Structures are given as structure tokens and as C-alpha cells.
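Contents: one structure, followed by commentary.
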Amino acid sequence: DTAVSQTPKYLVTQMGNDKSIKCEQNLGHDTMYWYKQDSKKFLKIMFSYNNKELIINETVPNRFSPKSPDKAHLNLHINSLELGDSAVYFCASSLGRGYTFGSGTRLTVV
Amino acid sequence: RKEVEQDPGPFNVPEGATVAFNCTYSNSASQSFFWYRQDCRKEPKLLMSVYSSGNEDGRFTAQLNRASQYISLLIRDSKLSDSATYLCVVRGYSGGGADGLTFGKGTHLIIQP
């Protein structure tokens, strides 16, 4: 059983499109996150979210929006995709000290 | 100043050698500290937590110096399978709220036969 699962694993799309990446965790964790790893391999947090609070890293453009239908899901919606959005996006979840990452979604904008 | 700084390497080390990495962090309010390992095209995975008292897990030893805001990782008797990128990670109060992780850029380690 996959603890944190993301779909799709790969996504190639054209500039200007709107796309979503889905994330689900079956660990019963109360907080979920999105991280971005760019071409220089630098991992940076984008959002953290539990059922009470959304915290947005101020460097994230407002074209990116997290959507959480329930505690086990945190999807990432991206509007008007740009070339610079090409990266690997990792979902993660945590409860206390435990922290688990999904296997990543490799987004390529052409 | 970067929040978590590490030497990116690469470190090319012969199998069986001992190798040490370190990193520094800027936010003195940080609460938790970790080393993660990331293999090529994979997600980061927790290697070990880091405590001021120092902690050991098999061939791996980690140490935290809060006064200097310095974290270290020592790998003894290195194996080919230790080849990876080692990420210094600090948790809390940095862009992602109390539970967000702040990653260093990673140190790339290559163990050579």
C-alpha cells in the first residue's frame, strides 16, 4: 500500500494550460504539503495545510492553488502554466515528527 | 543569506572510507533537524534525526551544535549504496509554517569501488 500517492507521475503540457496534480495519503496524517524541486535540485516548500490552516510560502505565484476536499487529499491546481513551472512537485504529509513524501510528479511545460 | 547552507560537492570517496558533511542554518528558532537522503529521480527519504547530544544509527552519526547553528553527518565504512544526495533539513518557521521543512541544496556523494 502506497502511503502518499501522487498522480500523474509525469505530465507534459503546453504553456498557458491549466493542470492539476492529485495527492492522497492513507496514513491518517493531519497536515499535508506541496514542495517544488527545480532544475537545480533545490527543494522548496510551497504550501502546508491542515483542516484548520493554509500556510502559503510568499514566493509562490497565485497561479498555484491547493485544494483539499478532505483530510486525506491535497490537490495542486496550476493556472496559465509557464516554462518556469517545469519541475518535480512532491506531495508530503505529517503527523507529529513523522513526515512522508510521495514519489513526485515531473511536470514539463513546453 | 541562505536558510540552510551545504557544500554541494560532489564528494568522490573510495569505498570503505569515512566521509563527513556539514551544514549551517540561519534561523535560531528552528526546532527540529534532520538528514534526508535523495536518490536520483526519487523522493527524499529520512535518514536520521539530529540531536544536540549526538546520535548514531549503524555507520551513520549525526550531531547538532545549536550555539553555532551547525549540523554534521559522518558516514563510516562507506558502501557503494551510500552514493546519493544528502539533504540537510530544518523544520519549522520558515515559509511553510511550524511544520514545513527547509532543505539545503544537498551534498552529492559518490562512492567509488
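These numbers were taken from a predicted model, which means no experiment stands behind them.
Here A:V110 is tied into one hydrophobic group with A:V12, each link being a pair of ILVMFWY side chains closer than 4.5 Å.
Along residues 81-88 of chain A, no residue comes nearer than 4.5 angstrom to chain B, judged on non-hydrogen atoms.
Under the side chain to side chain donor-acceptor pair (under 3.5 Å) criterion, A:N79 pairs with A:H77, not counting sequence neighbours. By the side-chain contact (heavy atoms from CB on, under 4.5 Å) test, A:N62 pairs with no residue at all, sequence neighbours left out.
No side-chain heavy atom of B:R41 sits under 4.5 Å from any side-chain heavy atom of A:S103.
No continuous path of ILVMFWY side-chain contacts below 4.5 Å connects A:L95 to A:W34, so the two sit in separate hydrophobic clusters. A continuous path of hydrophobic side-chain contacts links A:L76 to A:M15 [ILVMFWY only; heavy atoms under 4.5 Å]. No continuous path of ILVMFWY side-chain contacts below 4.5 Å connects B:L74 to B:L109, so the two sit in separate hydrophobic clusters. At a threshold of 4.5 Å between side-chain heavy atoms, the hydrophobic network of Ile, Leu, Val, Met, Phe, Trp and Tyr places B:Y51 and B:I71 in two separate groups. Cluster membership for A:Y89 and A:V60, using ILVMFWY side-chain heavy atoms within less than 4.5 angstrom, is shared.
In this structure, chain B has a heavy atom under 4.5 Å from the side chain of A:T31, while its backbone stays farther away. Contacts between A:F101 and chain B at a heavy-atom distance below 4.5 Å involve backbone atoms as well as side-chain atoms. Interface residue A:Q37: only side-chain heavy atoms are found under 4.5 Å from chain B. For B:K42, the part lying near chain A is the backbone, with the side chain staying farther off; criterion is any non-hydrogen pair under 4.5 Å.
A:Y35 places a side-chain N or O within 3.5 Å of a backbone atom of B:L101 that can act as its donor or acceptor partner.
Between the NZ atom of A:K40 and the NZ atom of B:K105 there is a distance of 6.0 Å, given to the nearest 0.5 Å.
What you find for A:I45 and B:G100 is that their closest heavy atoms are CD1-CA, 3.5 Å. When all heavy atoms are compared, the tightest approach of A:S94 to B:R91 is OG-NH2, 3.5 Å.
Two rings, from B:F34 and A:Y99, have their centers 6.0 Å or more apart.
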